[in-house]
Amino acid sequence: MDDMMNEEGIPQATIVAKYEKAHNRSVVGIWSFRFCGQIGMLSVSHDCSKLWILQEDSSNNISLDERMVLAKWRTAIQAADISVDGKYMVAVGMNSIVYEVELVNTVKSMAFDFGYLDAVFCAVSPLKTGYVTASYSGHLNEIQHSSNEIIRQEPFPTVKQISCLKYSRDAKYLAIGQLDGAIEMLYSENFKNYHKYEVHSMRIRKIEFLPNEERFLSACDDRLIKLHSLSEFTETDPSRSTKAIRVYSAHDAPVTGLTIDEKSGGTRFASSSASSQIFIWHIEMTTPIMSITNEHTSTISALSFSPTSRHLLSGGDDAMILIYRIPGVGENTPVHVAYYPPVEQPSDITEPESSSQLAEVPSASPYDEHDQQENEPPSDYTQEGGHEYYRSHEEYDAAQYQEYNPYAEPRTPPREDDEEIGNYVYNSTTEHQQNNESASPPAHEQYDPSA
């Protein structure tokens, strides 16, 4: 049996690599991408950021090679984001120092201090022109790439309610998750309000936009994942939504990790929770298609699919990184299978072994009588006697049933003193002859030998 298939024939994930001390402190983010003809992985923890190379040999053995440490910091990291191609990364420390790392021909690392609480959370623009941070002074700041220059600053009254930031894939919108479960969708060009989603009841942890679609997912501390639309709103108020398109429920703890399988086109995503659960979902199904057994012992907040979609990477507060082999896009994927018990055939029925035996089978079998449909001629029906068969059945049916005719001319029933009182069908033009059960049977003629 294939190692990726369980006893029921349903695909499952297997751990192919394990790194217990990948970092000295908790892992807060993992991203996998194409890098110099190989598969690269960038990890961010509370102590540093590292670049890894994912290698697979001819025997499908996986190894994770640590290439270099990109940046180090003393304080913990409160938020981190990366560009789609993996060549630009931004991390914000608890002391509001912003760390930028750029991978081009060489590694370029920078750090900027905007002042205490003047830089919290971050979101990297897909255009790689810069990033956005929030300031507790009540503003949203757009920072230019590789500098501490503020390009735009717009007031945002509820800045202290922000829990996460995320750009849409076309850089047209900026999603702002809040502590009360609301999501503010802003125009990225001017930070003006576009739409508000009031669909969760607790802190928003993650927001991920689907590729090539105007939809996005949100993960929350209420243990739910919800799917939303950027253009189709069912409520009468076009500026506010209170219902999601779809709700995904399976976690028993706050959902802390969320990632999209890029190769699937947004039809598959994975999630993790504070109770070390990992599920893989299909976008059209509200229940997971796969539950991944892992060896994490704490919160899993970092998840990423490999560019080939055949591996999933996870990192948690236990500073451990695990790699799982999963069915790739187009391979065997888990489906809901309905089990139907086999139907036992009668023992006295045998199938012919050859076509010559098939010709010897008689036209009528013991089961023809049971299989015969209603009003169907018997198996010995021939065209010569067919007309007589149907004619006799039609006469029988006419004698047994009289169809009610509402347009027939009404008749006056006979009086009781009439000698011949027959059975009449109401509102019918024909008399229905039946034997009267109460009437005495006709007398039999006696045999006369002299006659």
Side-chain angles (χ1 to χ4, degrees), residues 79 81 84 121-126 132 134 140 156 158-159 161-251 254-262 264-273 279-289 301 303-305:
D81 197 12
V84 178
F121 304 105
C122 66
V124 174
S125 172
V132 171
L140 292 175
F156 193 76
T158 59
V159 68
Q161 292 293 322
I162 295 178
S163 60
C164 64
L165 301 172
K166 189 67 176 180
Y167 269 104
S168 62
R169 293 178 179 265
D170 56 1
K172 184 178 179 180
Y173 303 104
L174 175 66
I176 301 178
Q178 299 183 354
L179 297 175
D180 59 357
I183 300 175
E184 292 275 359
M185 193 66 63
L186 309 180
Y187 290 105
S188 59
E189 57 182 3
N190 53 15
F191 294 156
K192 300 300 181 182
N193 184 57
Y194 168 69
H195 199 78
K196 185 173 183 178
Y197 302 85
E198 298 176 351
V199 292
H200 288 284
S201 59
M202 302 177 70
R203 175 183 179 179
I204 303 295
R205 291 281 183 171
K206 298 286 185 178
I207 296 176
E208 291 291 339
F209 288 83
L210 302 182
N212 305 321
E213 292 189 33
E214 293 187 344
R215 298 189 297 177
F216 66 95
L217 294 166
S218 60
C220 182
D221 280 357
D222 59 6
R223 302 176 295 179
L224 298 176
I225 304 169
K226 296 187 177 183
L227 178 66
H228 318 277
S229 174
L230 288 170
S231 58
E232 299 177 0
F233 307 118
T234 58
E235 285 81 356
T236 56
D237 187 0
S239 62
R240 177 174 169 268
S241 294
T242 58
K243 295 182 180 179
I245 300 176
R246 194 169 291 113
V247 180
Y248 307 91
S249 175
H251 288 288
V255 184
T256 55
L258 188 65
T259 184
I260 308 293
D261 186 0
E262 299 291 336
S264 70
T267 60
R268 187 168 70 165
F269 66 94
S271 62
S272 60
S273 69
F279 293 125
I280 295 181
W281 310 73
H282 191 278
I283 197 66
E284 301 295 336
M285 302 176 64
T286 58
T287 55
I289 60 176
S301 54
L303 281 178
S304 178
F305 283 97

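We're numbering straight along the sequence, starting at 1. Here the structure is a predicted model, which is why all the values come from computation and not from measurement.
- Pairing each heavy atom of Leu165 with each of Ala134, the nearest pair is CD1-N, 4.4 Å.
- With Tyr197 contributing its side chain and Ser229 its backbone, the two residues share a donor-acceptor pair below 3.5 Å.
- Under the side-chain hydrogen bond (donor to acceptor under 3.5 Å, both in side chains) criterion, Asp261 pairs with Arg268, not counting sequence neighbours.
- Side chain of Asp81 to main chain of Val124: a donor-acceptor pair is present (N/O by atom type, distance under 3.5 Å, no hydrogens or angles).
- Pairing each heavy atom of Trp281 with each of Ala250, the nearest pair is CH2-CB, 3.5 Å.
- Lys166 contributes atom NZ, which lies 9.5 Å from atom SG of Cys122 (distance to the nearest 0.5 angstrom).
- What you find for Ala123 and Leu174 is that their closest heavy atoms are CB-CD1, 4.3 Å.
- For Phe269 and Tyr248, the ring centers sit closer than 6.0 Å to each other.
- A pairwise comparison of heavy atoms in Gly266 and Ile260 identifies CA-CG2, 4.0 Å as the closest pair.
- The shortest distance between side-chain heavy atoms of Tyr173 and Tyr187 falls below 4.5 Å.
- Atom CD of Glu213 sits about 10.0 Å away from atom OG of Ser231, to the nearest 0.5 Å.
- Rounding to the nearest 0.5 Å gives a distance of 10.5 Å between CZ of Arg203 and OG1 of Thr256.
- The shortest side-chain heavy-atom distance between Ile176 and Leu140 falls under the 4.5 Å cut-off.
- In this structure a side-chain-to-backbone donor-acceptor pair under 3.5 Å is present from Ser163 to Ile204.
- The structure places CE of Met202 at 7.0 Å from CG of Asp222, a figure rounded to the nearest 0.5 Å.
- Tested against Phe216 for a side chain to side chain contact (heavy atoms under 4.5 Å, CB included), the candidates Leu227, Leu230, Leu210 yield a single pass: Leu230.
- Ser218 contributes no side-chain N or O that, together with a main-chain N or O of Ile207, makes up a donor-acceptor pair within less than 3.5 Å.
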- Message: Does Arg169 form a salt bridge (Lys or Arg N to Asp or Glu O under 4.0 Å) with Glu262? I'd like the steps, not just the answer.
- Response: CA-CA 12 Å; Arg169 293 178 179 265; Glu262 299 291 336; 2.8 Å; yes
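- For the pair Tyr194/Leu186, no side-chain contact is recorded, criterion being any heavy-atom separation below 4.5 Å from C-beta on.
- With respect to Val255, the side chain to side chain contact (heavy atoms under 4.5 Å, CB included) criterion is satisfied by exactly one of Ser271, Ser272, Ser301: Ser271.
- Considering CG of Asp221 and CG of Leu179, their distance stands at 9.0 Å, rounded to 0.5 Å.
- Two residues are said to be in side-chain contact when any heavy atoms from C-beta on lie closer than 4.5 Å; Val199 and Val247 fail this criterion.
- Separation of atoms OG (Ser273) and CG (Leu258) is listed at 12.5 Å; rounding is to 0.5 Å.
- A salt bridge is defined here as a Lys NZ or Arg NE, NH1 or NH2 lying under 4.0 Å from an Asp or Glu carboxylate O, and Arg246 with Glu284 meets this definition.
- Using a cutoff of 4.0 Å between basic side-chain nitrogens and carboxylate oxygens, Lys196 and Glu198 are scored as salt-bridged.
- Nearest heavy-atom pair across Ala171 and Pro126 is CB-CD, 3.8 Å.
- A pairwise comparison of heavy atoms in Glu184 and Asn193 identifies OE1-OD1, 2.9 Å as the closest pair.
- Surrounding CG of Asn212 are at most 12 heavy atoms belonging to other residues, nucleotides or ligands under 6.0 Å away.
- Ring geometry for Phe279 against His251 counts as tilted: the plane angle lies between 30° and 60°, on a 0 to 90° scale.
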